Amino acid sequence: MKLELSVSGSHHRHGDVSACVGWSASGTLISAGDDHKMILWNSGLDDKTKVIDLSEDQYPTSMMVGTMSNRRGKQQSSSIALAFDNGKFVLMSPTSGKTEKKVDAHTGAVTSIKWSSDGQSIMTAGEDGRLKIWSRAGMLRATLAQSTSPIYGACWNGSNDKIIHTANKHVAIVPLKAHSKTESWLAHEGVVLCVDWSAANNNIITGGEDRKYKVWDAFGTLLYASGQDAHPVTAISWANSGDAFLVGSFNSIRLCDCAGWTQTLEKPHVGSVYAIQWDSNDTKIGCACSSGDVVLAQVVERSVQSEMFVATQTADNTIVVRSVVDNSDEELEFREAVIGMQLAHGYLVVTTESQCVVYKQGSWTAPSTINLKAKSIALVQARSNLIIVDDMGSIQIYSYSGRLTSTINLKSGGDGLLNSNTVALSDDTVAIVDQRDGRIVHIFDLQSGKEVGHPIQHTVEVSRISLDQGGDTLDRTLAIIDKTNDLHLVECRRTSRRSAKLATAVTQMVWDENYHILLTLQDAQPTLWLYPTCVFLDESLLPQTRVEPSSATTLGKAPTLLMLSSSVCVFKRADGAIVNVSIPPYLTLLHFHVAANAWQDAIRLCRFVKDESLWATFAVIATQRKELTSAEIAFAAIHAVDKVEFLQRIKSIPTVEGRDAEMALFTGQVSEAASILLKSGLIYRLIDMFIRLYQWDKALDTAIQHKTHVDTVIGRRQRYLESIGQTESKDKFLSYAQSIEINWDDINAKIETELENEKQRPGAKPFS
C-alpha cells in the first residue's frame with residue numbers, strides 16, 4: 001500500500017491553523033480551522049464547495065460527523081459535532097451549516113469529541129480532565145472520568161460499551177456499565193497525545209510526546225512499539241477495516257499495517273498533523289495541519305494474490321491483474337471507485353458503491369455482476385459461494401454466477417461491526433459472531449438461511465472465526481480465536497457439539513482452500529495442523545499431526561498470514577515482502593486420495609513417503625471415516641499396538657450397528673455410541689459399554705429399564721470392587737444385591753445367548 005497526497009495549497013488553505021477534519025455521509029471532506037471557518041471541499045481539494053463562518057470568539061479543536069440509522073440500518077440523518085477551546089460544543093447540519101444545539105461541556109478546551117457508532121451518543125474529553133457522555137440531543141448522561149491531568153484523546157470501542165482515554169503518560173479504559181473497574185497502564189515515557197481503538201480487530205494504537213507510536217491489544221498487552229521519530233506523534237487513526245492505520249507528526253504522514261510496520265512514509269511540508277480521519281470506504285484520508293493546509297491522501301497499490309495471479313489497484317477505479325506464470329497484465333476498469341477486492345478459491349471479487357463484480361481467474365472479459373442495495377462493508381469467500389454484508393445490516397449469500405442463494409436475518413441486532421473476522425463461510429454453513437454478546441456464535445445453514453441448533457456459547461469474547469472448507473457437512477469445524485489468543489475447535493453441525501482447545505498464543509489462522517488443514521501463527525511462528533479435529537478423535541496423536549514448515553525461518557518478526565493453498569503457504573513479512581513457503585506436496589495429496597475414497601492409493605502414498613506424521617494423519621482420517629482396515633494399517637505403522645488390538649476386536653463384531661457404536665466410542669463419542677446401540681436394540685452391548693466405561697449407574701438403570709442383565713451388572717460391580725479392595729456404598733446396588741442371586745454360570749450363558757442372537761440378526765454380516 002502507498003499514499004498519493006493532495007495538499008490544499010496557499011490559495012485554498014485555512015487562514016490559520018487547520019484544527020480538525022471529518023467526512024460527511026455523502027463522502028465530502030470537511031475541515032475547520034482557527035480562521036473561524038468550516039470548509040466543505042471538492043474531491044480534488046482544488047476548490048471549496050461551501051464555506052461556513054464560525055463564531056469569532058471561539059476556536060475549533062475537534063470534529064466528527066455522526067450518522068443516525070433506523071432499525072433496518074438505513075441512514076436517516078447526520079449531524080456535525082464540533083468542539084471548541086472554550087469548553088463548548090455545537091451540533092450542526094452538514095448541509096446548511098445551521099447550528100442545531102449549543103452545549104457548555106467543559107471548563108477549558110474540549111480536546112476530543114466522538115460519536116458512538118450507532119449515532120445515539122456523544123463522548124467529549126477536556127483539558128479539565130473530565131470524560132463525559134451526552135445524548136444525541138446534547139443532554140448530559142454521565143461523567144465517566146475525573147482525571148487530575150488533561151485528557152488529550154479518547155475513543156469508543158467497537159460495541160460502544162467502553163471508552164479509552166489518555167491520562168498523562170497512561171491510558172485508561174472506562175466501562176460504561178455501572179460499578180465496573182477501570183483498567184489503566186503506563187503507555188509512553190512522555191505524555192500520551194492521541195489514541196484510537198479499532199472496532200474491527202479490537203486493537204488500540206497510541207502516540208505520545210516520546211515520539212513513538214504503539215499497538216496494544218484490548219487487555220493492555222504491547223504488540224508493537226515503534227522506534228523514536230524526530231517529532232512527537234500528534235494524530236493517529238485506524239482504518240475502518242482494521243488492516244491499516246495512519247500516524248501523523250511534524251511534516252510526516254506514515255501508513256502502517258495492522259501489526260504496526262511502516263508501509264509508506266510521506267513528508268509534506270504542512271507542519272504538525274493535528275487530526276486524521278478515514279472515509280467510510282477506507283480509500284481516502286483527510287488530514288488537518290498546523291500550516292492551515294488540508295491534506296487528502298489516497299490509498300493506492302492495494303494488492304491481493306493467489307497462486308497464479310496478483311491483482312493490484314492502480315487507481316480509484318482500475319485494477320491490474322498480473323499472471324505470475326507469463327507476467328502478462330490485464331487491466332480491469334470499473335464505473336465507480338473500488339472499495340474492496342479479494343482473490344481466493346479461483347475468483348477475483350471486486351466491490352464498488354453499488355456493485356459486486358466477480359471474475360473467474362483467467363477469464364477477465366465476462367464477469368458476473370451483483371447489484372447491491374447498500375454499500376458492502378464485509379466480503380467473505382468460500383469454494384462455491386460468497387457472502388456480502390452491507391451497511392444496512394443485510395447478510396446475503398451468492399453463488400459466483402451471481403445467483404442469490406439465501407439471506408440471513410439476525411434475530412439479535414446490535415452495535416457491533418460485522419467483518420471478515422466475525423463472519424465465516426463454507427459450502428454449506430455460515431457462522432456469525434453475535435453483535436451484542438461477543439461470546440456467542442450463531443450457526444446457519446447456507447441453503448435455507450435458517451439457524452442450526454442453539455448458538456455456540458464460548459467462555460470469553462471471540463475475536464476471530466473461520467470454517468474449514470473440506471469434508472462432509474456433519475464434520476464441519478469452526479475454529480475460534482478468542483480474546484486471550486486461545487484457539488478452539490467446535491463441531492458446529494452436529495446435534496451434540498464437541499469443542500476442544502487446540503493451542504495457545506495463536507494470533508492468526510487460515511484453513512486450506514480445499515482440505516481440512518489449518519495453518520496458524522503461534523508467537524509469530526507458523527504451525528501446520530494436518531488434521532486438527534484429531535483433538536476430538538485421538539488427542540494423543542495431536543503432536544504427530546502437527547508440523548512446522550522448515551523454510552519458515554525467513555519470515556522475520558511479526559509476519560502476516562495471507563493464504564494456504566495446495567502446497568504453498570503465503571506470508572507477508574514486516575517489510576512488505578511476500579514470501580511463499582513450500583510444504584511437502586504429499587500432505588495435500590493424502591487428503592486428495594481420501595476425498596476420492598481412494599484408500600489403497602493413500603496407503604501406497606504413506607508407504608512410499610515413510611513419514612510418521614503422514615501415517616498418523618492417515619490413521620485419524622481413516623478412523624473418522626470408519627475405514628477399519630486402513631486405520632489398522634496406519635496405527636500399526638506408528639506402533640500403536642493397543643489401538644490395533646482394539647480395531648481387531650471391533651472387526652470381530654458381527655453387526656454393522658455394533659461396529660459403528662464401537663467406532664463412535666473409539667473416537668470419544670459416547671452419547672452417539674449409546675444412541676446407536678439403543679436404536680438397534682443391542683441392549684447387552686449398551687450395558688457392557690457402560691460397564692467398561694465404569695458408568696455403573698447408567699448400566700444398572702439400563703438393565704432395570706429393559707428388565708435384563710441386572711444380575712450381570714451387580715455381579716461385575718462386585719468383582720470390580722473386590723479387585724480394588726472396596727465395599728459397596730451405593731444404596732441402589734446394595735438393594736439389588738440382596739434381592740438377586742449371582743450365578744456366574746447363568747450370567748455367562750445369557751451372555752453367550754446374546755452374542756449368538758446378535759449373529760443371527762437380519763443384516764448381520766462379518767466385517768470384510
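Computed from a predicted structure; not experimentally measured.
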Given side chains that start at C-beta, do those of [X] and [Y] come closer than 4.5 Å, heavy atoms only?
X    : Y    : result
S463 : N421 : no
P532 : T477 : no
D282 : R302 : yes
P526 : L555 : yes
Y515 : L587 : no
R761 : L682 : yes
T318 : E331 : yes
Q361 : V321 : no

Exercise for review: Under the salt bridge (charged side-chain N to carboxylate O under 4.0 Å, His left out) rule, collect the residues that match up with R464, sequence neighbours excluded.
Suggested key: none

Point to revise | Partner residues of D486 under the salt bridge (charged side-chain N to carboxylate O under 4.0 Å, His left out) criterion, sequence neighbours left out | key: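 Listed in chain order: K501.
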
Rounded to the nearest 0.5 Å, what's the gap from [atom1] on [X] to [atom2] on [Y]? Could you check?
X    : Y    : atom1 : atom2 : answer
E612 : I638 : CD    : CD1   : 6.5 Å
E672 : M663 : CD    : CE    : 11.0 Å
F444 : I395 : CZ    : CD1   : 7.0 Å
S613 : R546 : OG    : CZ    : 12.0 Å
N201 : N419 : CG    : CG    : 8.5 Å
I440 : I432 : CD1   : CD1   : 13.5 Å

Do you know the tightest heavy-atom contact between [X] and [Y]?
X    : Y    : answer
A634 : W615 : CA-CE3, 3.6 Å
T351 : S376 : CG2-OG, 4.1 Å
L478 : A431 : CD1-CB, 3.8 Å
T667 : A664 : OG1-O, 3.0 Å
M1   : V299 : SD-CG1, 4.3 Å
D428 : D445 : O-OD1, 3.7 Å

**Study point:** Criterion salt bridge (charged side-chain N to carboxylate O under 4.0 Å, His left out) on R494 and D475, from CA distance to verdict
**Key:** CA-CA 8 Å; R494 293 185 180 272; D475 297 327; 2.8 Å; yes

Review point. What orientation do H458 and H488 show, parallel under 30°, tilted 30 to 60°, or perpendicular over 60°?
Key: perpendicular

Exercise for review: Please work out which of the three classes, parallel, tilted or perpendicular, describes the rings of W364 and Y359, given edges at 30° and 60°.
Suggested key: tilted

Examine distances only and state if a side-chain atom of [X] and a backbone atom of [Y] form a donor-acceptor pair shorter than 3.5 Å.
X    : Y    : result
Q508 : L561 : yes
R497 : H454 : yes
R383 : D427 : no
S198 : A200 : yes
S394 : D390 : no
S323 : S328 : no
Q469 : L467 : yes
Q305 : T312 : no
T352 : Q355 : yes
R322 : D329 : no

Between [X] and [Y]: side-chain donor-acceptor atoms closer than 3.5 Å:
X    : Y    : answer
S399 : S401 : yes
T655 : E758 : yes
Q525 : E548 : no

Check your understanding: Does atom CD of E539 have more than 12 heavy-atom neighbours from other groups under 6.0 Å away?
Key -> no

Exercise for review: Only one of V570, L564, L518 passes side-chain contact (heavy atoms from CB on, under 4.5 Å) with V510; say which it is.
Suggested key: L564

Exercise for review: Can you tell me which residue pairs pass the salt bridge (charged side-chain N to carboxylate O under 4.0 Å, His left out) test with a partner in residues 642-651, sequence neighbours excluded?
Suggested key: D538-K643, E632-K651, R649-E662

**Study point:** Pairs where residues 446-455 contributes a residue and the test salt bridge (charged side-chain N to carboxylate O under 4.0 Å, His left out) is met, not counting sequence neighbours
**Key:** none

Point to revise | side chain to side chain contact (heavy atoms under 4.5 Å, CB included) assessment of D257 paired with Y224 | key: CA-CA 11 Å; D257 65 12; Y224 177 84; over 6 Å; no

Exercise for review: Any chance you could lay out the side chain to side chain contact (heavy atoms under 4.5 Å, CB included) test for I319 and F334, step after step, and finish with the verdict?
Suggested key: CA-CA 9 Å; I319 293 175; F334 306 89; 3.9 Å; yes

Point to revise | Partners meeting ring-ring contact (aromatic ring centres under 6.0 Å, His included) with F592 (sequence neighbours left out) | key: none

Review point. Among all residues two or more places apart in sequence or in another chain, which pass the ring-ring contact (aromatic ring centres under 6.0 Å, His included) test with Y347?
Key: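 Scan of Y347 (ring-ring contact (aromatic ring centres under 6.0 Å, His included), adjacent residues dropped) gives Y400.
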
Practice item. Take V644 and F646, measure what side chain to side chain contact (heavy atoms under 4.5 Å, CB included) needs, and give me the verdict at the end. Key: CA-CA 5 Å; V644 172; F646 191 80; over 6 Å; no

Practice item. May I ask you to say whether D434 pairs ionically with R439, meaning some side-chain N is under 4.0 Å from a carboxylate O? Key: no

Review point. Would you call D601 and R604 a salt bridge, using N to O less than 4.0 angstrom?
Key: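 Yes, this pair counts.
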
Point to revise | Candidate pair T629 and I633, rule side chain to side chain contact (heavy atoms under 4.5 Å, CB included), full reasoning | key: CA-CA 6 Å; T629 301; I633 293 171; 4.2 Å; yes

